[in-house]
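The figures here come from the full heavy-atom set of this structure, side chains too, leaving out hydrogens, waters and symmetry mates. Residue numbers run from 1 in the order of the sequence given.
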Amino acid sequence: MAATGDFGVFGMGVMGQNLCLNMAEKGFRVSAYNRPDEFQARIWAALDRAKKEGEAAGKTICIDPFTELADFVSSLKTPRRILLSIPSGAPVDMTLEALTPLLQRGDVVVDGGNEQYLATERRSKEMMEKHGIHHMGMGISGGEVGARYGPSLMPGGSKESWDLVRDVFEAMSAKAGDLHEPCVTWVGPGGSGHYVKMVHNGIEYADMQYISEAYDFMKVVGGFTNQEMADLFAKWNSGRLASYLFEISQEILTKPDDQDGGEGQLIDKILDQSGQKGTGKWTVQEAANVGIAVPSVSAALEARFVSAAKDERIRCRALYALAVKETPPPDGVGRGLAPEEKAKLAANLEKALFASKILAYAQGFRVIRAASEERGWGVQPSELARIWRGGCIIRAGLLNNISQAFKRDPGLPSLLLDESIARDVAEAQAGLRWIALRAVEAGIAVPGFTSALAYFDSMRRGRCPANMIQAQRDYFGAHTFKRVDKEGTFHAEWTKPKL
């Protein structure tokens, strides 16, 4: 068999098909593989899409299908380049075990799933030391639409492996800015690509939580209709809050019920229990490992856990109905505000969302910097902000300012210390405080907003109450403490010895 394939895609699920079509549309000949099992029809679906989309665009999209692994590998030019689009964990190990005997030194295998970064580091080390094969871990953001038309790509691995795949990934990535820059960069060695994608998803958790809280606050406290909220999201999306998540939230609020005979908007029929696949939890765990606070991510994760406790929430509502009166009434429909009150609420909510969004990014970038320094990855925060401007779920206009902040000071320890960012936060924090106060008064949980505010207020204090905690630790455990007026480590005898 003649080796004509420029790149191979292993796995023809939704993401795999779209990534395959994206590559092929950019002029690369793609070898597509799916196991010969109950899912092998996916590969014929991919071919059918390639033919139809190619004809519609007036071009030929070259995709060669395979259900035999040896034929798939043999079809690729050397050094072979293969992207895995399969579930993380054991399936990746099983796939590498099957692929490795068919590959040769210098080939590249890229794991495009949401893998735990330590697993990627292990595989990269083993594949290179035992077989001379490059293994990369690449975060891919943008969902199925991004995969098809241009995602944000976060590849990690050796510089040599990046040079081997760069042409394809730059071509298929989203483009952003006036210069249409590719939304891809070499993140760094080892598992850095998957680590950065993990934190990206953590920021995404926080951002989604903020928007859900804004929706709840407007609906319950302000009595806004779905259309009024959609109009407001559209307005905000044309300003400094411009982002993909605001764009889709506007559409979500106005989509009619899609079931036969359904009335009203679909959003009102969706069960209030949110799922999660693990990257938010990983972000909180890894942040703790490097000693960095991510209260907004943690609050967003825990809010999903609370949402899952639907039965308990219903019982608690009945149990505490007399102790905590719901404002507004329990049907969830707001008492309605006068136009000028709604305008004031909306103005403060816009500020709350803007300040919180910056604070979530500040937390996320601190985690990335700490991990990069600990592991010697050399991750460039300005580059991450740049490639997140297009294609990905957290893309936002704000990322231009964040990228510039890190360009001005590549060693910036926190976004909150950049003068331009600081001016934005200082101006917007009053709105965040206004919303938090009124939410507490109304008995409306806004853990995303309140955690962001607590983080801001903690970070701006030169002296915090940790001295009391350290004194307690020394009292019961002799853990010692430092003083503000003397050098050294101290221990106090807190109680008089009993005779």
Side-chain angles (χ1 to χ4, degrees), residues 117-118 121 190-192 195 198-199 202-203 206 280-302 305 355-356 358-379 381 405-406 408-419 421-423 425-426 429-430 432-433 436-437 440 447-499:
Y117 81 100
L118 289 174
E121 299 231 305
S192 60
Y195 192 97
M198 173 194 73
V199 177
I203 296 170
K281 180 179 70 175
W282 290 350
T283 303
V284 174
Q285 291 172 332
E286 292 301 328
N289 287 341
V290 292
I292 299 296
V294 287
S296 295
V297 182
S298 182
L301 177 65
E302 290 166 4
F305 294 156
S356 297
I358 294 174
L359 291 162
Y361 278 112
Q363 295 165 38
F365 276 109
R366 285 199 75 211
V367 174
I368 291 170
R369 180 176 291 284
S372 178
E373 290 175 354
E374 183 179 284
R375 294 185 169 272
W377 285 336
V379 177
F406 284 118
R408 285 190 291 270
D409 182 1
L412 188 68
S414 170
L415 270 178
L416 298 180
L417 296 175
D418 177 78
E419 290 187 4
I421 296 292
R423 285 193 295 271
V425 176
Q429 60 85 28
L432 176 57
R433 205 173 298 280
L437 282 168
V440 170
F449 285 146
T450 52
S451 65
L453 180 60
Y455 180 76
F456 171 68
D457 283 340
S458 297
M459 288 296 289
R460 67 179 181 78
R461 294 191 65 190
R463 184 169 173 81
C464 70
N467 52 321
M468 173 58 80
I469 295 172
Q470 200 60 19
Q472 291 170 333
R473 294 181 72 241
D474 189 59
Y475 188 109
F476 65 70
H479 292 293
T480 73
F481 55 87
K482 295 183 182 297
R483 297 177 61 103
V484 296
D485 57 346
K486 295 180 180 180
E487 293 292 328
T489 301
F490 299 84
H491 167 64
E493 293 297 335
W494 296 97
T495 59
K496 294 180 179 180
K498 293 181 180 180
L499 297 177

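For the residue pair R369 and P381, the shortest heavy atom distance occurs at NH2-CG, 3.6 Å. Between I203 and G364, the shortest heavy-atom contact is CD1-CA, 4.1 Å. Nearest heavy atoms, A452 versus S356: CB-OG, 3.8 Å. In plain terms, the two heavy atoms of G191 and W377 that are nearest each other are C-CZ2, 4.1 Å. Nearest heavy atoms, T450 versus A436: CG2-CB, 4.1 Å. Nearest heavy atoms, S296 versus A206: O-CB, 3.9 Å.
Between the side chains of D474 and H491, a donor-acceptor pair is found at a separation under 3.5 Å. Q363 and R366 are not linked by any side-chain donor-acceptor pair at a separation below 3.5 angstrom, with hydrogens and angles left out of the test. For the 3.5 Å distance criterion, the side chains of Y455 and R460 fail to qualify, holding no donor opposite an acceptor.
Among the candidates V297, N289, V199, the single residue satisfying the side-chain contact (heavy atoms from CB on, under 4.5 Å) test with V367 is V199.
Rounding to the nearest 0.5 angstrom, the gap separating the CD atom in E487 from the NZ atom in K482 is 8.0 Å. Going from atom CE of M459 over to atom SG of C464 covers 10.5 Å, rounded to the nearest 0.5 Å. With rounding to the nearest 0.5 Å, the separation of CG in D409 from CG in D418 is 8.0 Å. With rounding to the nearest 0.5 Å, the separation of CZ in F406 from CG in L415 is 4.0 Å.
Under a 3.5 Å cut-off, the side chain of S298 and the backbone N or O of V294 do not form any donor-acceptor pair. Judged by distance alone, with hydrogens and angles left aside, the side-chain atoms of T283 form a donor-acceptor pair with the main-chain N or O of M198 at under 3.5 Å. Panel note: side chain S372, backbone V379; a donor-acceptor pair is recorded below 3.5 Å. Formation of a donor-acceptor pair under 3.5 Å by the Q470 side chain with backbone atoms of F481 is not found in this model.
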Might you work through the side-chain contact (heavy atoms from CB on, under 4.5 Å) test for L359 and L416, ending with a clear yes or no? CA-CA 8 Å; L359 291 162; L416 298 180; 3.7 Å; yes
Could you walk me through whether L453 and F449 satisfy the side-chain contact (heavy atoms from CB on, under 4.5 Å) test, starting with their C-alpha distance in whole Å, then the side-chain angles of each, then the deciding distance to 0.1 Å, before giving a yes or no? CA-CA 6 Å; L453 180 60; F449 285 146; over 6 Å; no
Test side-chain contact (heavy atoms from CB on, under 4.5 Å) on R461 and F456 and set out the steps. CA-CA 9 Å; R461 294 191 65 190; F456 171 68; over 6 Å; no
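In summary, R408 and E419 do not engage in a salt bridge, as defined by a charged side-chain N under 4.0 Å from a carboxylate O.
Counting only heavy atoms from C-beta outward, the side chains of Y475 and T495 approach each other to under 4.5 Å. Between R463 and V484, some side-chain heavy-atom pair lies under the 4.5 Å cut-off.
Between W282 and Y117, the distance separating the two ring centers is not shorter than 6.0 angstrom.
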